[in-house]
Amino acid sequence: MIRLDRVSKTYTRAGGGEPVRALSEISADIADGAFVTIVGPSGCGKSTLLYIVGGFVPASGGAVLVEGKPIAGPGPDRGPVFQEFALFPWKTVRQNIRFGLAEQNVPRAEADRRVDELLDLVHLRQYAALYPKELSGGMKQRVAIARTLAYRPRTLLMDEPFGALDAHTRAKLQDELLQIWERERKTVLFITHGVDEAVYLSDRILVMSAAPGAIKADIAVDLPRPRRREELLRHPRYQELVIEIGRMMDTTA
Amino acid sequence: MIRLDRVSKTYTRAGGGEPVRALSEISADIADGAFVTIVGPSGCGKSTLLYIVGGFVPASGGAVLVEGKPIAGPGPDRGPVFQEFALFPWKTVRQNIRFGLAEQNVPRAEADRRVDELLDLVHLRQYAALYPKELSGGMKQRVAIARTLAYRPRTLLMDEPFGALDAHTRAKLQDELLQIWERERKTVLFITHGVDEAVYLSDRILVMSAAPGAIKADIAVDLPRPRRREELLRHPRYQELVIEIGRMMDTTA
Amino acid sequence: MILRALRSCYSVLLLLAAWELFARSGMVPRTLLPPVSLVLQRTAIALATDTFVADLATTLFRLLAGLALAVGLGIALGVISAQTRAGRAIFEPLVRVLGPLPKIALFPVLLLTLGFDNTPRIVLVLIDAIFPVMLAAHYAARAVDEKLIWSARAAGTSPTGCVLRVILPAAMPQILTGIRVAAVIACVVVFLSEMVQPGDGLGDQMIRAARAFRSVDMFVPIVVISGLGFILDTLLALVRRRALGWAG
Amino acid sequence: ADLPTLRVGWTVPAEEAKWLLMKRPELFQGINKTYRVEWFQFQGTPPIAQALVANAIDCGTQSPISFAQAVGEGDFKGYILGSLAQEKAGYFSVYWGTLDGSPIRSAQDLKGKTVASTVFNGGIYFYLLEWLKKGGVDPAKDLKLVEIPFPQVEDQLRAGRIAAGPFAQPFASRAEARGGIRKIFEMSELLSPLTDTFESCRKDIADGKPDLIRAYMADFKAATKHAIAHPEDAKKVTSEVTKIDYATLDKYLMSERDFYRDPVGRPDFQSIQQTWDLFTRTGYIKQKMNAADYQKPELTPAND
Amino acid sequence: MIRFGPLIVLAALLALWQAAGMAMRVETLPTPLAVLPELWALFASGEIWGDLRASLYRLAAGFVLALATGVPLGILCGRSAAVRGFVSPLLALFYPVPKAALIPILMLWLGAGDLSKITIIYLSVTLPIVYHGQQGAAAVEEKLVWSARAMGTGRAGVLLRIILPASLPELLLGVRVAIVIGLIVMISSEMIVRQNGLGYDIFNAMDMAQYRLTYAVIVVVAVLGFVLDATFERLRRRLTFWAPERQDQLPTGA
Ligand SMILES: Nc1ncnc2c1ncn2[C@@H]1O[C@H](COP(=O)(O)OP(=O)(O)OP(=O)(O)O)[C@@H](O)[C@H]1O
Ligand SMILES: Nc1ncnc2c1ncn2[C@@H]1O[C@H](COP(=O)(O)OP(=O)(O)OP(=O)(O)O)[C@@H](O)[C@H]1O
Ligand SMILES: [Mg+2]
Ligand SMILES: [Mg+2]
């Protein structure tokens, strides 16, 4: 379990300007194997919260506990997909995806197999030899997703991972993610701007309010699993939830 | 009018690898004051096409004509909003937005007035003094939009301009864009992954097929203007179009 | 192929032509500026002479040994010091105090403690050439996009692995720029050391020629050391293009 | 304000006449009254020769060798007008020393060793080569020559990095005071009397502005006489310029433990001619030199 | 602890010097304690000021000229293939020329006075500025340029208002290198053609075996270098604080 215990964050500014309060006292428990999504207006601190859970940025106050122990920096148990992709520019698509496997000393043959699998998953097999600067925005994002999935972290921390994708690819990757999640029962902390995406994927949705970010609502998504897109779209509760959360967001900003 | 005359593009690769064919013989006429949206799978060449119309990247074949004359590089008549934001990191939010006005020699008082107006439009007034590195993803995107709107180009070239925004902000900015467009009758070339967004905003939608990109369908959006969100969502033709185009996209990738 | 090479450095040819014409115009005495054709001719002769080649080899050895040490140590110190707060706190003042100090002023001490031969000169090259490498490595290591490091750390990369496999490659473009500057400084310094304390090497050749008024011979070692620097620089540029195709 | 200006090069040692002009101009008739001097220091006489050839300076200290090379290779045209340092019996002569305990006594003993000289291709250097050749040693093959400035010779010798090195004042006195150093040979064994350095001016200046040079050389003569008459002034001014403390200088400067100085600063053309003849014979100077060609009696200090 | 970093480092360096001096016991390496009185005397007698002024004047003159010509040239080089085609072979050829070796030759052309020294300083410091300026200008993200061009910025405006600020961090690195090279050349030119200045002082004292004085002047040069560098660093921070630099919050755990 991941426990957020009154986590807050204030950014000090290099130029010496006024500090920016990004998060104020966020508390939440994220159960093992849960699919939790965070939604909230732009600039409310979603990415910041994810950085703190990942152990990349220290909280200004409060603590993040994994299995009861405070986290000590990043670890391969929590795999991030960043909003900015953060691909290694000196590595090709294939080498980027392979990176984590090499770090985990996965045997060569097994690693190659997994990389090929993921290249297919994100439809990039024919682009495997290209460098990041030669990719389109959506292609970069897919590489970033594949790179993190490759080393199979127990928890996925995903910051708008499908933001730059077309509807078709997005839908396919959503389904793939759900399948992986159902198969391997990962914990997922997911950030998105798409309320429908949030409802379709999650067990639980945390709605954040604007700066300094705080949790305004914690909504359980009581829809059946496994989910099938067509069925769900016709499910009355689905529509209800989308409208309810959408309305909540409207009054937030 | 902007005329694309058999525009094609092949990227040569620095490392000496195989060239990448991004676009093959794209032809289209974009009428003055039209709102044209391009949709298509990730990596199909949408951004590339926009760069060529902007005059930033030369086409490998064919020509782009504005008012019958081939374009000679970029100009203030065509204002781009890039997928990557491309803010000037050494300028604050306010200075970024003001940049184009200074370049166009807009008088100081008038420029200040316009910048304030735009800061309000994109809800960033309180962040006016921050530098790009201190902004969240969505905030950067809003600055990029404001910067281009500020100097009022006749044609807007927008590459997924609302991609990183939450639903609420996105909806508001969509409406603002429509209002500006209706008021000033700009020509807009718009790239998006949201089929609903495309239908809601455009007069015409170009559907592109995967690499090397080509125009697969050219669909007129025969919905009444001015558009009101709630009315439109209930309009039967709206739903039809979304489903039709969505289906088209599915068979594209 | 040759034509293309010539066209790519036409400015150099232009300059050489201007030198030749000016020197032959009679506006300057031959002793002050011999025609370039004469200098090149004499250089060719010198390069076929055993003693000159021995001096060239001496200088080259000192140059490369000092540069190699400077590059190795400079990258290591620069990158490692960038990793911790304490490292940065020590690095900054250290390079601020020692960096701007003209190391050539310490050369006599080196001579007295290390003898006249190669060692003091290699050490001089080292302490002069290490700063651009170290500075570039340090600041580039600090400027690496933090999300790249985060991505690697999250994939289980140890801090050391991060330095080797993320920070080092990400900083490589700037480090290579630093190495090119270091190569230049190394050329300058090794030559200067041989001028200040002659004995052997190209600098010694030049000093002897200068003192004996052999003005053409004075230009020969300068042409040769500059040629060495040019070759070194071209090689580094080649490495850069090969290894850094990924960089924008 | 717009007095004519003369650019003069100097080097160390034995320049107290010029240093007096530099630091005590009030003692002399012409300087700062009818003309001005811009002073430039050089490391040895070869760079001064270069500067003279390049018209970068008008007058400067020269040695017979540098002067001859400037004439031969640089097409230099100039006069020898004043004397600075000479060596002859009863006075100091630059010598090569070794450690007391070493077995080195002759040129032969230096084979395979490292031997120091000051400025390669300078005056002193060629005397060393000459002495080695006379002793049957090939300086290019039989031993290793290194260039070391005078001040460092003692330390390097005691540190065992060189087998022999040249000594000049004040370092000779200092080393002798500490002991443990033994002479191998001195330059005046090769030639005596011997001219170390003299004052030389460009021909075009001397012919074009004879009044300026005459005034300068008159002051030069007066300064030489002043230094000899008032050795304590010479020591003081030397201390100021070289930063060597007075007590050290007091031990030798302007005494018989120092170079010989002509009483009025008149060049010894005969000894200069001998040096040239010697080095023309051995090939260090390519052309035949004739001292008469470089004299200009009406500008040269005359005996009183 | 970190605030006093510079002081601690300085103290450590002095202690190291003292220890080395005491261990080696050679005249050529006096201890800092022995050098202190000489340093005091230099300033007490006021002798040093004239030399300091002479050196600084040459350095400043060379530098101002170098900035005025090197920055525009470097930036043009980074942005225009034609200019780069002309300049970059020359740069590659002349950058490694040991400028100090040219001093004797330059003296023959320009005389032994300030002109030849200023020229050599100028030549030496221009090249790193051009070089780094070129690197910085070439690496500017193209979409920044595109954005400006689309807003009607002309070619000159792009160079001045986009390329210049965007390449400033890299350019300033070049200036920092140039400061170091400038000091080296200032010292060596004053050593080779001696008239006045700090280089003259160092090498004159050394030729007279006045080692304590030598070190006293070296200390003055070191302080001068430090002050120049520190002033420059302040300026650099002010000019480039907007640049995304990694925050001081590295993951320390694990
Ligand atoms: N600089 C480049 N060098 C080589 N290939 C490139 C370069 N830029 C783009 N490409 C290739 O061109 C194709 C089209 O890229 P483009 O960025 O136009 O796609 P896009 O439609 O905008 O995709 P997305 O929706 O993911 O942003 C891709 O296959 C990409 O790999
Ligand atoms: N490095 C920084 N320095 C100062 N302020 C920062 C920094 N990074 C983020 N902020 C501020 O913290 C707040 C939250 O930023 P964050 O990136 O977490 O938002 P977000 O919820 O992810 O927004 P978006 O949906 O637009 O990506 C913003 O107001 C932003 O200005
Ligand atoms: Mg974010
Ligand atoms: Mg794109």
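Just so you know, these numbers use all the heavy atoms, side chains as well, and skip hydrogens, waters and symmetry mates. Naming convention: chains lettered A, B, ... in sequence-line order (proteins, then strands); numbering from 1 in each chain. Note that the coordinates shown come from a computational prediction; the quantities given were computed from them, not determined experimentally.
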Checklist line | Set of side chain to side chain contact (heavy atoms under 4.5 Å, CB included) partners for Thr187(B), sequence neighbours left out | finding: Ile30(B), Asp32(B), Thr155(B)

Notebook entry, point to check: Does a donor on one side chain sit under 3.5 Å from an acceptor on the other, for Gln135(E) and Glu170(E)?
Noted result: no

Check each atom of [X] against the heavy atoms of chain E and say whether the ones under 4.5 Å are side chain, backbone, both or neither.
{"X": "Phe56(B)", "answer": "both"}
{"X": "Phe88(B)", "answer": "both"}
{"X": "Leu101(B)", "answer": "neither"}

Notebook entry, point to check: How would you list, by chain and number, every residue that makes a side chain to side chain donor-acceptor pair (under 3.5 Å) with Arg152(B), sequence neighbours excluded?
Noted result: none

Note to self: Quick check for you: among Leu87(B), Thr92(B), Leu157(B), Asp77(B), which has the greatest number of heavy-atom pairs under 4.5 Å with chain E?
What the structure shows: Leu87(B)

Checklist line | Contact leader toward chain E among Gly54(B), Gly73(B), Gly75(B), where contacts are heavy-atom pairs under 4.5 Å | finding: Gly75(B)

Margin query: Just so I understand: if I count every heavy-atom pair under 4.5 Å between each of Met151(E), Arg161(E), Glu141(E), Arg149(E) and chain B, which residue has the most?
Written below: Met151(E)

Item checked: Leu239(E) portion near chain B, given a 4.5 angstrom heavy-atom threshold -> neither

Notebook entry, point to check: So, does Lys91(B) use its side chain to make a donor-acceptor pair with the main chain of Phe99(B) at under 3.5 Å?
Noted result: no

Check: Do the ring centers of Tyr51(B) and Trp146(E) come within less than 6.0 Å of each other?
Finding: yes

Next item on the list: Measure from NZ or CZ of Arg53(E) to the centre of the six-membered ring of Trp49(E) and say whether it is under 6.0 Å with the direction within 45° of the ring axis.
Entry: no

